[in-house]
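In what follows, every heavy atom counts, from backbone to side chain, and hydrogens, waters and symmetry copies are set aside. Remember, predicted model here, so these are calculated numbers, not experimental data. By convention in this document, chain letters (A, B, ...) are assigned in the order of the sequence lines, proteins followed by strands, and residues within each chain are numbered from 1.
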2 protein chains.
Amino acid sequence: MIDAERLLILREVSRHGSKAAAARALTLSEPTVAHHLAALERQAGVPLTTRVGRVTRLTSAGESLLEHANAIADSLASAERAIAQHADLSGGRLRIAAFTSYCAVALPSPLAQFARRYPGVEVGLVETETDDALALLAAGDVDLVIGFADDATPAPRDIAVKMLESDEYLAVMPATHPAARRPTIDVATLADDTWISGCQRCRAHLHALANAGGFTPQIAFQTEDYVTVQRLIAEGLGVALLPRMALAASPEVPGIVTAPTTPTSYREVFLAVPREASAAARTFAGLLAP
Amino acid sequence: MIDAERLLILREVSRHGSKAAAARALTLSEPTVAHHLAALERQAGVPLTTRVGRVTRLTSAGESLLEHANAIADSLASAERAIAQHADLSGGRLRIAAFTSYCAVALPSPLAQFARRYPGVEVGLVETETDDALALLAAGDVDLVIGFADDATPAPRDIAVKMLESDEYLAVMPATHPAARRPTIDVATLADDTWISGCQRCRAHLHALANAGGFTPQIAFQTEDYVTVQRLIAEGLGVALLPRMALAASPEVPGIVTAPTTPTSYREVFLAVPREASAAARTFAGLLAP
DNA sequence: GGTCTCATGATTGACGCCGAACGGCTCCTG
DNA sequence: CAGGAGCCGTTCGGCGTCAATCATGAGACC
């Protein structure tokens, strides 16, 4: 393969009209330029330069190489620009994966703030469950993950994780439920109720909490859509454990009541970036957790 | 400036999914690839690769570099193709400069032969006087020159010159001229005639020949167009010295006669290529002078 | 206008030194 | 257990420089 460096030297010679001038432009010595040119000619098998008077000109073979040398110089300059943009956030990409209710409640505002501050960065958002989000991060398909963890499924330890906030799980019941008026609900009092559960992690959390309360929940409905969960509850079809944030994300549903549980339980919202996080990812992380 | 070589290494890593595989593809060792990548990352200031499982993937910064690396690889491949075409005559250019009558008489056939044989080569022809043609050659604007020389203005010595043929100068007179019936003409018998001369070199030759014959020609008309010369002669306005080739190049003009001179004189048609002639120029030269 | 001199560029050869490439090792992961 | 990555120390190639010489226009001066 032809050496790109030498093509660029050929280009300088053509631009300046002499090896000496090219050498000065490249901060090289004259023999060095001559050496590289000779090597290039040897490799090409045809003469590339010719002297006319005291200026060095390219032969037609040299000029046919020149076009490509220019293209390479352009590409290198573009590459340099691109990488600089990645560093100073005047360009590049930021792909975020976050779980549903965080997407709905907490993300839009900082996302807009970031987009205003760094208009050159192309921002992407994937709304996914935490497990899938972490898989995307590991595969390099996203740059930053916002997920949640609890006792049942702790946060990953192999990447940089920062806790953002605690999100309390509330008991959600039909307004007609016998325990509906109590200020706090012991989960054991719901041992015989029919349960409605959300995502994988929430289900694991429910099982852990119920287990601590000494019972195994009867899960009759499974849906990741929190509005559906609340409508089912409003119709008296069951009870559920929902994070505050999920409740805040969905419109008020009449006919249900919510209450803190005893014991209380939380999910911990965390932010994860890989060790080799891009500048954009680090900056956005700083925006969420100053 | 970013090193193009390293961008190509990054490209191979991306294509093969591991540094080891990239090293094999590049016939390098694994540490060497890692070293170059580390250098590139140091220069870029941002991480370019990330490991996911046992495959190495590019970060978004790395992928933005990848596009440019691909462009550079394409350019290098194109450059290699272009130079190969120059060597094997499947491409490239051949620019010829030749004097008028050679263009008209001798050039078309070998030119067509060359174009048929090497259809990829872009052929150009400049019809010019020999002095200008040699200047074009020196400036690198043409690749091959066909010119003529005689005692007055000899062929250049600083470039590779090959004699092609001798072209005899004939005396050209009106059919009504007193000497018109003679088989050969002593130039001295035309000492008192009015002369018509062609180009710079022909005029120099005429002066030299007349000088040898002991007279200075009265030159009343100067034109480089040989048809004009012959028409002027046919009208009885003068006599001239014209090379056989020039006469062959122009249509038969009635009312003129031609005859060899004593002493005979010739112009020598030569072919000149620079030392660093392209393959196309050398090949075409071989066609003209096997 | 011709010649002389000088300045600039190219070339060649020798040489020093940086760093590219390698091998061997350990650690990690699937 | 195998394959890949990271981390050394070592070696050798070749990149770049310096110095000297040659070539060639350009300007000056007569």
Side-chain angles (χ1 to χ4, degrees), chain A residues 1-10 12-43 47-59 62 134-135 137-140 156-159 274-276, chain B residues 1-43 47-59 62 134-135 137-140 156-160 274-276:
Chain A
M1 180 72 84
I2 288 182
D3 186 359
E5 215 63 47
R6 289 174 173 159
L7 281 185
L8 296 182
I9 291 177
L10 181 77
E12 286 306 305
V13 170
S14 163
R15 291 173 62 173
H16 292 89
S18 83
K19 298 181 184 178
R24 280 192 298 273
L26 293 163
T27 57
L28 290 176
S29 74
E30 201 170 313
T32 303
V33 171
H35 171 73
H36 282 296
L37 238 52
L40 193 59
E41 292 196 342
R42 221 176 318 115
Q43 199 171 0
L48 300 176
T49 60
T50 177
R51 290 188 60 183
V52 33
R54 64 172 38 186
V55 307
T56 298
R57 291 190 48 167
L58 301 192
T59 63
L134 289 173
L137 189 70
R157 316 201 137 222
D158 52 344
I159 52 177
R275 280 182 311 282
E276 64 280 355
Chain B
M1 179 73 86
I2 288 182
D3 186 359
E5 215 63 49
R6 291 176 171 157
L7 280 184
L8 296 182
I9 291 177
L10 181 78
R11 174 167 173 264
E12 285 307 304
V13 170
S14 163
R15 289 173 63 173
H16 292 89
S18 83
K19 299 182 184 179
R24 281 193 297 273
L26 293 163
T27 57
L28 291 177
S29 76
E30 200 173 315
T32 303
V33 170
H35 172 74
H36 281 296
L37 238 51
L40 193 59
E41 293 197 343
R42 220 176 318 117
Q43 198 170 0
L48 300 176
T49 61
T50 176
R51 289 187 60 184
V52 32
R54 64 173 39 186
V55 308
T56 297
R57 291 190 51 168
L58 301 192
T59 63
L134 289 172
L137 189 69
R157 315 201 139 224
D158 53 344
I159 52 176
R275 280 184 311 283
E276 65 279 357

Just checking A:Ser18: base, sugar-phosphate only, or nothing, at a heavy-atom cut-off of under 4.0 Å?
sugar-phosphate

Of all the choices, [options], which nucleotide is nearest to the side chain of [X] once you look at every atom?
| X | options | result |
| --- | --- | --- |
| A:Ala34 | D:dA5, C:dT11, C:dG23 | C:dT11 |
| A:Ala20 | D:dG4, C:dG13, C:dG9 | C:dG9 |
| B:Leu28 | C:dT12, D:dG16, C:dC22 | C:dC22 |

Can you tell me how far OG1 of B:Thr49 sits from CG of B:Leu40, rounded to the nearest 0.5 angstrom?
9.5 Å

Hey, what do you get for CZ (B:Arg6) to NE2 (B:His36), rounding to the nearest 0.5 Å?
6.0 Å

Please check the phosphate of [N] (OP1 and OP2 only) for any side-chain N or O of [X] closer than 4.0 Å.
| X | N | result |
| --- | --- | --- |
| B:Thr56 | D:dA5 | yes |
| B:Thr32 | C:dA21 | no |
| A:Arg6 | D:dG14 | no |
| A:Lys19 | C:dT11 | yes |
| A:His35 | D:dC15 | yes |
| A:His36 | D:dG16 | yes |

If I take atom CZ in residue A:Arg42 and atom P in nucleotide D:dG14, what distance separates them, rounded to the nearest angstrom?
10 Å

Please assess B:Ile9 against B:Leu37 for the test side chain to side chain contact (heavy atoms under 4.5 Å, CB included), listing each intermediate value before the final yes or no.
CA-CA 7 Å; B:Ile9 291 177; B:Leu37 238 51; 4.0 Å; yes

Assess the residue pair B:Leu58 and B:Leu48 against the criterion (side chain to side chain contact (heavy atoms under 4.5 Å, CB included)); give the C-alpha distance rounded to whole Å, side-chain angles, the decisive distance to 0.1 Å, and a yes or no.
CA-CA 6 Å; B:Leu58 301 192; B:Leu48 300 176; 5.6 Å; no

Between B:Pro31 and B:Arg24, whichever has its closest DNA chain D nucleotide further toward 5' is B:Arg24

